[in-house]
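Atom set for the values below is all heavy atoms of this structure, side chains included, hydrogens, waters and symmetry mates excluded. Residue numbers begin at 1 in each chain, while the letters A, B, ... track the order of the sequences. As the structure is a computational prediction, the values presented were derived from the model and not from experiment.
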Protein chains: 2
Amino acid sequence: MAKKSTQLSGVKEIARRAKVSIGTVDRVIHDRAGVSPKTKEKVKKIIAEMNYKPNLLGRILASKKTFRFASLIPKVSPETSFWEAPLKGIEAAEAEIRQYNVEVKKYFYDQNDKGSFVTQYRKILKEEVDGVLLAPSFIDESVAFTNQCKKLKIPYVFIDSDIPDQPSLAYIGSDLFHSGYLGADLSRHLIGKKDKILIINISKELDNHHHLLRKEEGFRAYFKNNGYTNLLMTIEIRKTDHNAIKKALEKVLAENNDIGLIFVTNSKVSGVASYLKETKKTNIRLIGYDFLKENIDFLNENIIDFMICHKPGEQAYRGIMALYKHLVLKLPVEENTFMPIDIIMKTNYAFYNN
Amino acid sequence: MAKKSTQLSGVKEIARRAKVSIGTVDRVIHDRAGVSPKTKEKVKKIIAEMNYKPNLLGRILASKKTFRFASLIPKVSPETSFWEAPLKGIEAAEAEIRQYNVEVKKYFYDQNDKGSFVTQYRKILKEEVDGVLLAPSFIDESVAFTNQCKKLKIPYVFIDSDIPDQPSLAYIGSDLFHSGYLGADLSRHLIGKKDKILIINISKELDNHHHLLRKEEGFRAYFKNNGYTNLLMTIEIRKTDHNAIKKALEKVLAENNDIGLIFVTNSKVSGVASYLKETKKTNIRLIGYDFLKENIDFLNENIIDFMICHKPGEQAYRGIMALYKHLVLKLPVEENTFMPIDIIMKTNYAFYNN
DNA sequence: TGAAAAAACGGGAAGGTACACGGAAAAATA
DNA sequence: TATTTTTCCGTGTACCTTCCCGTTTTTTCA
């Protein structure tokens with residue numbers, strides 16, 4: 001319960017020492033015109049001596065500016081509830097920084113419709129926003145959007161997946177290669193040395209597809225690097241409905257009766273699980289991605305053995321906070337944040353924070 | 001870049017509407033004496049109507065109070081570097097909230113010396129602190145300390161382990177039973193149905209011992225609940241030096257030549273790993289606890305297969321933030337926060353945030 | 001009824017920063 | 001030299017709350 005003694009910091013003290021007014025100190029700090037070189041030098045010296053750091057509270061309080069952030073992520077669809085967690089992350093961050101005059105306006109696009117992405121980003125560009133959080137599902141469109149942002153000097157943060165060679169304020173996501181690599185490591189514990197492994201990439205949109213490939217690469221690399229000789233085969237499924245998955249699985253399982261494990265490279269693992277449950281193929285182990293309700297259910301029924309997850313909610317939370325740190329607090333921001341590669345199983349999912 | 005229009009919120013507006021002064025409004029808000037019941041009612045009504053929430057920035061800025069927190073955790077010793085992470089967590093939290101007039105004074109005790117714990121907490125009680133973060137390694141002493149805190153109305157937060165029936169502002173830690181339960185689930189993937197399993201509890205201090213037992217309980221419960229019939233045996237090692245561990249292991253392994261897996265219930269797993277490496281017992285799988293340098297090394301050499309971890313750094317970070325939320329922001333605080341039970345292996349440790 | 005005591009309330013400063021505005025001094029132009 | 005333009009700098013106000021110090025009003029009691 002210590003009371004502060006008399007102030008020895010702050011603009012006031014600088015002004016006193018430099019024998020100028022607070023206004024002048026302010027001009028020096030913000031490098032505005034209207035200060036003679038001599039005065040400027042003197043004030044700068046004192047600032048350096050005092051190791052002066054502006055008081056953030058005062059700054060935010062004094063500036064009447066309301067920062068406006070925009071987030072652009074896929075909407076929660078019946079197809080997948082994956083984006084629920086990021087949305088919650090955004091809202092949590094917003095609740096925390098609203099008191100510092102920050103507003104977050106949320107925009108959503110349809111993951112199966114590039115047009116909706118364009119429509120939404122155009123809306124954002126019309127509003128004058130100070131920062132953007134972006135899940136760049138569509139590559140070319142995201143490049144176009146962020147190029148505009150660069151022109152307008154609006155900083156943007158990528159979450160979930162990165163656009164290489166498009167320098168952003170920050171990227172917060174996961175290392176997909178190593179995530180696949182880990183998946184392979186987990187596989188090894190579930191099957192014998194001679195079991196075949198089936199890798200399944202399920203996605204409608206070609207743009208999302210390269211992420212899946214990256215995981216597959218990691219998966220295959222593990223087996224190669226460690227000298228395992230299990231036969232790995234891959235199938236691609238271009239539709240996400242139950243029937244399409246069923247058909248594809250029926251075909252591949254009919255042709256290969258010695259598949260011991262299936263690795264699904266994204267959250268659509270529940271589709272595969274559903275099929276395995278239906279057909280009572282309990283001898284096939286299953287690894288997939290993402291902490292979704294439907295996946296958890298299959299985890300509980302021992303149909304899915306492991307799930308890999310990258311905390312999408314925290315990614316979004318951190319993304320908003322990165323904008324806040326950069327724009328409001330004017331603090332440096334980590335350029336690349338790789339989320340942990342979490343392993344979820346029946347016995348620990350209850351404690352997981354997505 | 002929206003500028004705020006004229007204020008419609010804040011004490012000023014309340015005062016204007018109630019036709020009283022700001023001072024009176026303040027008295028009503030803080031329930032201080034010196035306001036007539038009539039005026040008080042009127043102001044309260046307007047506050048309710050406006051759904052007034054005090055501006056935190058203004059509040060912190062105006063109150064000259066510096067909050068003083070104290071943390072009391074074990075010191076980093078040559079014996080274990082476990083407490084490095086919590087220390088970093090505390091420092092990270094402090095860096096973040098220092099700007100809001102919060103100071104954290106760090107106190108350390110020797111985990112093998114109850115006396116040092118008492119000495120340190122007495123020091124804390126002499127200083128007038130506003131909140132305490134505590135790792136309650138010694139039960140009776142912790143109860144004594146926190147009873148004093150209660151008397152002095154100083155809120156305290158437990159991390160790492162809880163003291164049941166000692167109601168605190170918050171407990172931030174892990175569910176040890178389920179952590180052991182998960183360990184057992186992992187074990188199952190590493191060994192055959194007939195392998196023996198050795199559980200090892202290594203600790204000098206009896207007070208710490210019950211935590212280990214809780215994990216053991218969880219471990220055993222898993223096997224029981226799931227109908228596995230592997231033979232489980234436990235040994236206790238009451239010293240932490242290499243030689244003591246070596247001797248104990250030599251004895252038990254000589255008597256049991258069919259042990260397939262060892263589960264060490266705490267971070268001392270590196271001691272066991274070291275012995276296994278020395279004696280080239282590569283046919284024994286090993287699971288243990290905590291993200292420590294020495295453990296990671298053995299993970300890398302495939303001597304430790306899995307490690308379980310509860311983010312001790314984040315526990316401490318959140319503990320400090322809980323005090324901050326409660327005391328400075330006057331926000332409600334979650335009473336029990338259970339950290340995720342993380343699985344660490346060779347292929348994902350590089351991405352782990354301890 | 002009048003004075004003293006108590007209660008109720010207003011005003012202002014502090015806390016640190018931002019920024020518009022206006023005044024004074026210096027420099028440039030007529 | 002007189003006038004205008006720049007350059008430089010100080011002042012005042014706003015942001016919002018807290019808290020102390022007075023002042024005004026009401027109550028109490030002689």
TODO: Starting from the 5' end of DNA chain C, give me the residue, B:R59 or A:I29, whose nearest nucleotide shows up first.
DONE: B:R59

Which nucleotide, [options], lies nearest any side-chain atom of [X]?
{"X": "A:V20", "options": "D:dT17, C:dC19, D:dG10", "value": "D:dG10"}
{"X": "B:P54", "options": "C:dC19, D:dT17, C:dC9", "value": "D:dT17"}
{"X": "A:P37", "options": "D:dC8, D:dT18, C:dC9", "value": "D:dC8"}
{"X": "B:N55", "options": "C:dG10, C:dA8, D:dC16", "value": "D:dC16"}
{"X": "B:S21", "options": "C:dG10, D:dT11, C:dA18", "value": "C:dG10"}

- [ ] Tell me, yes or no, whether the heavy-atom count around B:K325 atom NZ, taken from other residues, nucleotides or ligands under 6.0 Å, exceeds 12.
- [x]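 Counting other residues, nucleotides and ligands, NZ of B:K325 stays at 12 neighbours or fewer.
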
I want to check one thing: is the phosphate of [N], taken as OP1 and OP2, less than 4.0 Å away from some side-chain N or O of [X]?
{"X": "B:Y52", "N": "D:dT17", "value": "yes"}
{"X": "A:T39", "N": "D:dC9", "value": "yes"}
{"X": "A:T24", "N": "D:dC9", "value": "no"}
{"X": "A:H30", "N": "C:dC19", "value": "no"}
{"X": "A:S36", "N": "D:dC9", "value": "yes"}

Report the distance from atom [atom1] of [X] to atom [atom2] of [N], rounded to the nearest whole Å.
{"X": "B:K40", "N": "C:dA8", "atom1": "NZ", "atom2": "C1'", "answer": "12 Å"}
{"X": "B:K12", "N": "D:dT18", "atom1": "NZ", "atom2": "P", "answer": "15 Å"}
{"X": "B:I22", "N": "D:dG22", "atom1": "CD1", "atom2": "P", "answer": "20 Å"}
{"X": "A:D26", "N": "C:dC21", "atom1": "CG", "atom2": "P", "answer": "15 Å"}

TODO: Check whether the ring centres of B:Y156 and B:F158 lie less than 6.0 Å apart, and answer yes or no.
DONE: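 Yes, close enough.
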
- [ ] Just call it for B:K19: base, sugar-phosphate, or nothing, with non-hydrogen atoms closer than 4.0 Å on any strand.
- [x] sugar-phosphate

TODO: Identify whether any heavy atom of A:V11 sits under 4.0 Å from a base atom; if not, whether one sits that close to sugar-phosphate; answer base, sugar-phosphate or nothing.
DONE: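 Base, at least one base heavy atom under 4.0 Å.
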
- [ ] Hey, can you tell me if A:Y100 and B:Y100 have their rings parallel, tilted or perpendicular (30° and 60° cut-offs)?
- [x] parallel

- [ ] Ignoring hydrogens and angles, tell me if any N or O in the side chain of A:S81 forms a donor-acceptor pair with the backbone of A:E84 under 3.5 Å.
- [x]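 Checking the backbone N and O of A:E84 against the side chain of A:S81, no donor-acceptor pair under 3.5 Å is found.
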
TODO: Would you give the length of the straight line joining atom CZ of B:R122 to atom CD1 of B:I124, rounded to the nearest 0.5 angstrom?
DONE: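 Here the rounded value is 12.5 Å.
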
